*Asks:* 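Have a look at the structure that comes next, please.
All values reported here derive from a predicted model rather than from experimental measurement. All chains are named by letter (A, B, ...) in the order of the sequence lines, taking the proteins before the strands, and each is independently numbered beginning at 1. The analysis underlying the following values was restricted to heavy atoms, covering all of them including side chains, and did not include hydrogens, waters or symmetry mates.
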Protein chains: 2
Amino acid sequence: MTGTPLSRSEAKDLTRRRLIRAAFAILDEEGEAGLTTVKVAKAAGIAQSSFYVHFKDRQDLLRALGDQAGERLRATMREARRRAREAPDDSERHRDTFRIPLEAICGHPELFRIGLRARHDPSSPLQGFAVETSAAYRAHLAADLAAMGFPTGTERDRRRLEMVADGITALTNAMAVGHIEGRYPDLEEVVDVLVAFSKGYLRLLPPARRAAGAE
Amino acid sequence: MTGTPLSRSEAKDLTRRRLIRAAFAILDEEGEAGLTTVKVAKAAGIAQSSFYVHFKDRQDLLRALGDQAGERLRATMREARRRAREAPDDSERHRDTFRIPLEAICGHPELFRIGLRARHDPSSPLQGFAVETSAAYRAHLAADLAAMGFPTGTERDRRRLEMVADGITALTNAMAVGHIEGRYPDLEEVVDVLVAFSKGYLRLLPPARRAAGAE
DNA sequence: AATTTCACCGATAGTACTATCGGTGAAAAA
DNA sequence: TTTTTCACCGATAGTACTATCGGTGAAATT
């Protein structure tokens, strides 16, 4: 079947990737409680004991999953920002600021679900990762809003900006969940609603700057 | 110490309540993975085996927790609606539609967290409960919006209404989490932001009705 | 007063998982 | 070719939890 006889290190690496892939699938389907060395090893086609050739222990696997998920997520966010900068005209660019993250989420729904779940689970070794990721995304979005002209003079201004960023994230996530669950099949309708909500917080912009972001 | 010598059934009921109280505490602090018969029984001050005097098995406890959480939640929602109807003037009533659910959530943060967590956890026996609860709340909110005058003629209208309701819930939850975590200490600031977002979706109201909800 | 009920106890069988250990054969190095 | 390395294997010790069982004493019933 395979034309290439794999070298030992290549074979090991392949097995490790199979383990990680299997782990993500189990995590998504059964949750963290279902993620055992027995199941992961079996799904990857090796003996349970061989799991420990690739990972020090169960925690070590979780750490690897967190690292990889974080890496994918950061790459997706970079890509989203890049694409948003390249959007043709202003109104389409505004829609893109919602459409692009939505598409990114829907591209890796399992990763998204895992993060969403770990976010509020104190027993999850991935909670730290999820909390940091959402905090980073929030700060990131707050900076974008500040660049749009939202006031940041007082402590209260900055807090409000963080709340708005937090709100946008929550809205985006909720709509993505609805789309993934099949309740909102049309992404453009979802973007319409997000744009509608955005008209609300854009009113917090000083009047002079408002034209740049809204309408 | 205690003046009353308890009857047998009273004592049993007290023990059952202690078990449920302990279970909620453990669920909140350690997540579902930490909820074992050993820990619950110990925390309630009885032997592990005596757990089965009160519950058929572990599932049965989870079911009882779900029932009780659902009951508390429905009571809170009824109370919130009652208070919202009694609000003095229109602008304050509009703020109340956000403030009251927020206060309800902050009144039982552990219940809220547990629900939030179970919502996306396929391994949780509470997932069904969480999904149904959020769907019920969404439908409920959508009905309120329809009563405000949002169009519901087409399928698309109704879908949009559901998205808006979903969005409002997500915003409220996100703000409540921020408040509970200490990031947004002032609830009035939180309400300000929710009102700002609401100005956005209120634009979807037909112009004639808009004055009733906004400003 | 005699009897029954039952909430609780300690002990334990059964289950599922984690992690370690010595052995094996093929790839890699000598 | 000989030796070494190492990814993988089966077996198994150790751990944590679930659920059952017979026994006990005090409350409830007769």
*Asks:* Looking at A:T15, does any N or O in its side chain come under 4.0 Å of the phosphate oxygens OP1/OP2 on D:dC8?
*Replies:*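 For D:dC8, OP1 or OP2 has a side-chain N or O of A:T15 closer than 4.0 Å.
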*Asks:* Salt bridge or not between A:R99 and A:D96? Use side-chain N to carboxylate O under 4.0 Å.
*Replies:* yes
*Asks:* A:Y52 has a side chain; which of D:dT18, D:dC8, C:dT18 sits nearest to it?
*Replies:*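 When the side chain of A:Y52 is considered, C:dT18 is the closest of D:dT18, D:dC8, C:dT18.
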*Asks:* Can you identify which nucleotide, out of C:dA19, D:dC8, D:dT18, has its nearest atom closest to the B:T37 side chain?
*Replies:* D:dT18
*Asks:* Choose from D:dT18, C:dG10, D:dC8 the nucleotide whose nearest atom is closest to any side-chain atom of B:T36.
*Replies:*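 Selected nucleotide (nearest to the side chain): D:dT18.
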*Asks:* Here's a test of your reading of the structure: between A:I46 and B:K39, which maps to the more 5' nucleotide of DNA chain D?
*Replies:* A:I46
*Asks:* Is the charged tip of A:R72 near the ring of A:F24: under 6.0 Å from the six-membered ring centre and within 45° of its axis?
*Replies:*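 Judged by the rule (NZ or CZ under 6.0 Å from the ring centre, within 45° of its axis), A:R72 counts as positioned above A:F24.
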*Asks:* Would you call B:R82-B:E79 a salt bridge at under 4.0 Å N-O?
*Replies:* yes
*Asks:* Using heavy atoms to find the nearest nucleotide of DNA chain D for B:V38 and B:R8 separately, return the residue whose nucleotide is more 5′.
*Replies:*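 By nearest-heavy-atom nucleotide position, the 5'-most residue is B:V38.
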*Asks:* Quick check on A:R21: does its CZ atom have over 12 non-hydrogen neighbours (other residues, nucleotides or ligands) under 6.0 Å away?
*Replies:*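 No, because the 6.0 Å sphere around CZ of A:R21 holds 12 heavy atoms or fewer from other groups.
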*Asks:* For C:dG10, take OP1 and OP2 only and decide whether either is under 4.0 Å from a side-chain N or O of B:S49.
*Replies:* no
*Asks:* Under a 3.5 Å cut-off for both distances, is C:dC6 Watson-Crick or wobble paired, and to whom?
*Replies:*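 For C:dC6, the partner nucleotide comes out as D:dG25, under the 3.5 Å rule.
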